Amino acid sequence: MSEEGISQDGRSELEKFRAGGTWYDGMDPEIDALRAPARRACWAHNTMDPEARGAMAPELRALLGDAGSAFLEAPFHCVYGFNLSLGENVYMNSGCVVLDCAPVRIGDRTMLGPQVKLLCPEHHHDPKLRGEGQEIAWPITLGADVWIGAGAIVMGGVTIGDGAIVAAGAVVTRDVAPGAKVAGVPARQM
């Protein structure tokens, strides 16, 4: 890394982050600044009176942009917001966390139970590079009519097909076929 924040391949950390599929410094000041609007929007959503908030706090809806008729219970957390796309009639129960360091697409009528986590980033396996903030992120795609049970975790790089069911507490590390039912750690077809 040069003094100007440009990597050996000539790209800034922000450029690598935006390109996806490459290691970048997640603590880079330009990347860190992108998280501030999501912090404010999530705080507004999580602290607003439920009657006034409705399906989603206005600040969070403005941040997400493409949120359809989604309903997000509080508390809710996302890292950036601009990487999260919600289809029509998506329902996310309380305590859902979306680490959207890469694009996360959730299809129409998909339901996420309480405490579901969608986790795009992976920290470097080398402790020195991990300590320097190196991470990489992989997209997550949930098709239409998917049901993710309470406490399930979906890792980056996973696609879950239309109509699939993920059992409560499952850890999904591989793609799930349309209409399949998976459970366990790691999740396997039932």
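Fair warning: this is a prediction, and the values are worked out from it, not measured in the lab. Heads up: numbering here begins at 1 and tracks the sequence.
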If you compare all heavy atoms of [X] against all heavy atoms of [Y], which two are closest, and at what distance to 0.1 Å?
X: A152; Y: A167; value: CB-O, 3.9 Å
X: A38; Y: L63; value: CA-CD2, 3.6 Å
X: T173; Y: P186; value: OG1-CB, 3.9 Å
X: E88; Y: G68; value: OE2-CA, 3.3 Å
X: A70; Y: A55; value: O-CB, 3.5 Å

task = Check the pair T22, R11 against side chain to side chain contact (heavy atoms under 4.5 Å, CB included), reporting the backbone distance first and the verdict last.
result = CA-CA 11 Å; T22 189; R11 295 183 294 169; 3.8 Å; yes

Flag side-chain contact, heavy atom, 4.5 Å: [X] against [Y]:
X: V104; Y: L99; value: no
X: D175; Y: I160; value: no
X: S85; Y: P103; value: no
X: I31; Y: E13; value: yes
X: V146; Y: I165; value: no
X: L34; Y: L14; value: yes
X: C120; Y: P139; value: no

query = Do NZ/NE/NH1/NH2 and the carboxylate oxygens of D28 and R18 come within less than 4.0 Å?
reply = no

Quick one: pull up [atom1] in [X] and [atom2] in [Y] and give me the separation to the nearest 0.5 Å.
X: E59; Y: M48; atom1: CD; atom2: CE; result: 5.0 Å
X: I136; Y: K16; atom1: CD1; atom2: NZ; result: 10.5 Å
X: I106; Y: M92; atom1: CD1; atom2: CE; result: 4.5 Å
X: C78; Y: L84; atom1: SG; atom2: CG; result: 6.0 Å
X: L112; Y: L142; atom1: CG; atom2: CG; result: 6.0 Å
X: N46; Y: E73; atom1: CG; atom2: CD; result: 11.0 Å

ask   = Sequence neighbours excluded, which residues qualify as side chain to side chain donor-acceptor pair (under 3.5 Å) partners of E30?
value = none

task = Sequence neighbours left out, what passes side chain to side chain donor-acceptor pair (under 3.5 Å) with D162? Give chain and number order.
result = none

Tell me whether [X] shares a hydrophobic cluster with [Y], the cluster being built from Ile, Leu, Val, Met, Phe, Trp, Tyr side chains joined at under 4.5 Å.
X: F76; Y: Y91; answer: no
X: M111; Y: F71; answer: yes
X: L118; Y: V182; answer: yes
X: M155; Y: V97; answer: yes
X: V116; Y: V90; answer: yes

Taking atom [atom1] of [X] as the centre, report whether more than 12 heavy atoms of other residues, nucleotides or ligands fall under 6.0 Å from it.
X: R174; atom1: CZ; value: no
X: K181; atom1: NZ; value: no
X: W23; atom1: CH2; value: yes

Stepwise side-chain hydrogen bond (donor to acceptor under 3.5 Å, both in side chains) check, Q134 with Y24 = CA-CA 5 Å; Q134 291 296 303; Y24 61 89; over 6 Å; no

message = Taking side chain to side chain donor-acceptor pair (under 3.5 Å) as the cut-off, I'd like each qualifying pair that reaches into residues 99-116, sequence neighbours left out, listed once.
response = R109-D145

ask   = Taking the side chain from H45 and the backbone from A57, do they hold a donor-acceptor pair closer than 3.5 Å?
value = yes

query = Backbone N or O of H124 within a donor-acceptor pair of the R130 side chain at under 3.5 Å?
reply = yes

message = Using 30° and 60° as the class boundaries, would you call the ring planes of F17 and Y80 parallel, tilted or perpendicular?
response = tilted

query = What residue among M56, R61, R53 forms side chain to side chain contact (heavy atoms under 4.5 Å, CB included) with L72?
reply = M56

